[in-house]
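The figures that follow rest on heavy atoms only: side chains count, while hydrogens, waters and symmetry mates do not. No experiment lies behind these values; they were computed from the predicted model shown.
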Amino acid sequence: MSAQTQTQSKSGEAADTSASIVWFEIPADNVDRVKKFYGELFGWKIEKFPGPMDYWHIDTGGGDDTPDGGLLKRQNPGHQGITNYIGVSSVDQFLAKVQNLGGKVCMPKTAVPQMGYFAICQDTENNTFGIWERSPSAK
């Protein structure tokens, strides 16, 4: 099975990727402090997503082939480090592969309505990463 998948570029066009990083998330205890840090450090623009959830979009300012990210309030003391999301063709298939290769599923397949599905995993060395399947029909 190939890790090749399609993701949507910032311009809205489909782009082939080969298990590339498509998104990242940064947890924070103090959202304003970390917004200022990354804004001043890299010039990133960080704006709250509309809606009730406290989640911010990080615009890295790169081209269509570079990932943007998200910023969220730290969920618990163990919620440490930046989580990279890898684009895959099927979250279900890759969750099975993760487990077959000795990794763990930390958060099962979850829908982001009208955008896609994600899951959070751990590799054999306890490093956390996410997988992302683009699907405009996700519910």
Side-chain angles (χ1 to χ4, degrees):
M1 171 173 37
S2 168
Q4 187 132 16
T5 186
Q6 283 206 339
T7 60
Q8 186 172 2
S9 69
K10 292 178 190 175
S11 64
E13 297 174 12
D16 284 334
T17 63
S18 185
S20 298
I21 294 173
V22 296
W23 188 259
F24 63 89
E25 276 184 337
I26 301 173
D29 293 317
N30 183 318
V31 170
D32 289 332
R33 181 175 63 206
V34 81
K35 281 174 53 178
K36 181 178 190 259
F37 176 83
Y38 283 110
E40 290 183 12
L41 181 65
F42 298 126
W44 291 352
K45 293 178 180 74
I46 303 172
E47 302 290 332
K48 188 174 182 304
F49 269 117
M53 187 173 162
D54 284 336
Y55 195 82
W56 291 260
H57 173 248
I58 300 171
D59 180 350
T60 60
D64 286 350
D65 58 343
T66 61
D68 279 353
L71 174 65
L72 70 159
K73 197 89 163 134
R74 190 177 317 280
Q75 304 298 304
N76 58 61
H79 188 202
Q80 297 290 325
I82 296 172
T83 302
N84 290 306
Y85 286 80
I86 314 302
V88 298
S89 55
S90 166
V91 166
D92 292 324
Q93 290 175 354
F94 276 81
L95 286 177
K97 285 180 77 171
V98 164
Q99 292 174 311
N100 288 339
L101 293 169
K104 298 176 188 166
V105 176
C106 302
M107 182 176 186
K109 180 179 176 180
T110 304
V112 177
Q114 299 166 343
M115 294 180 80
Y117 300 95
F118 75 95
I120 304 294
C121 305
Q122 236 177 26
D123 67 16
T124 57
E125 307 309 305
N126 296 322
N127 298 302
T128 302
F129 65 96
I131 53 177
W132 171 257
E133 172 188 345
R134 186 178 171 281
S135 176
S137 61
K139 297 179 185 174

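Taking a 6.0 Å sphere around CD of Q80, one finds it holds more than 12 heavy atoms contributed by other residues, nucleotides or ligands. A 6.0 Å sphere centred on CD of E47 holds no more than 12 heavy atoms belonging to other residues, nucleotides or ligands.
Within the 4.5 Å cutoff, the side chain of I86 has no heavy atoms near those of the V22 side chain. With a 4.5 Å cut-off on side-chain heavy atoms, C121 and F129 count as touching. Counting heavy atoms from C-beta on, the side chains of I58 and E25 never come closer than 4.5 Å. For the pair F118/Y85, a side-chain contact is recorded, criterion being any heavy-atom separation below 4.5 Å from C-beta on. Side-chain contact between S90 and Y117 is absent, with no heavy atoms from C-beta onward closer than 4.5 Å. Residues N76 and H79 form a side-chain contact, since some pair of their non-hydrogen atoms from C-beta on lies under 4.5 Å apart. Under the 4.5 Å side-chain criterion, counting only non-hydrogen atoms from C-beta, I26 is in contact with Y38.
Heavy atoms only, all atoms of each residue included: P27 and R74 are closest at CG-NH1, 3.6 Å. Contact between S89 and F94 at its shortest, heavy atoms only, is OG-CE1, 3.9 Å. Closest approach of G116 and A138 over heavy atoms only: O-CB, 3.4 Å. Closest heavy-atom contact between T124 and L101: CG2-O, 3.6 Å. Looking at every heavy atom in both residues, V91 comes nearest to A119 through CG1-CB, 3.9 Å.
Hydrophobic cluster membership differs between W44 and F49, with clusters built from Ile, Leu, Val, Met, Phe, Trp and Tyr side chains linked at under 4.5 angstrom. Both Y55 and W132 are members of a single hydrophobic cluster when ILVMFWY side chains are connected at heavy-atom separations under 4.5 Å. Cluster annotation: I21 and I131 are assigned to distinct hydrophobic clusters (Ile/Leu/Val/Met/Phe/Trp/Tyr, side-chain heavy-atom contacts under 4.5 Å, transitive). The hydrophobic cluster containing W23 does not contain L71, counting ILVMFWY residues as joined when their side-chain heavy atoms lie under 4.5 angstrom apart, directly or transitively.
Between atom OG of residue S135 and atom CE of residue M115 there is a gap of 11.5 Å, rounded to the nearest 0.5 Å. Note that the CD1 atom of I46 and the CZ atom of F37 stand 10.5 Å from one another [nearest 0.5 Å]. Note that CD of Q99 is 13.5 Å distant from NZ of K97, once rounded to the nearest 0.5 Å. Annotation: the span from K48 atom NZ to H57 atom NE2 amounts to 14.0 Å, rounded to 0.5 Å. If you take OG1 on T128 and CD1 on I82, they are separated by 13.0 Å, rounding to the nearest 0.5 Å.
Residues in residues 34-44 take part in these salt bridge (Lys or Arg N to Asp or Glu O under 4.0 Å) pairs, two or more places apart or across chains: K36-E40. Note on residues 104-130: pairs passing salt bridge (Lys or Arg N to Asp or Glu O under 4.0 Å), not counting sequence neighbours, are D92-K109.
Remark: side-chain polar atoms of D68 are paired, donor with acceptor, to backbone N or O of T60 under 3.5 angstrom. With hydrogens and angles ignored, the 3.5 Å screen pairs a side-chain donor or acceptor of T110 with a backbone N or O of P108.
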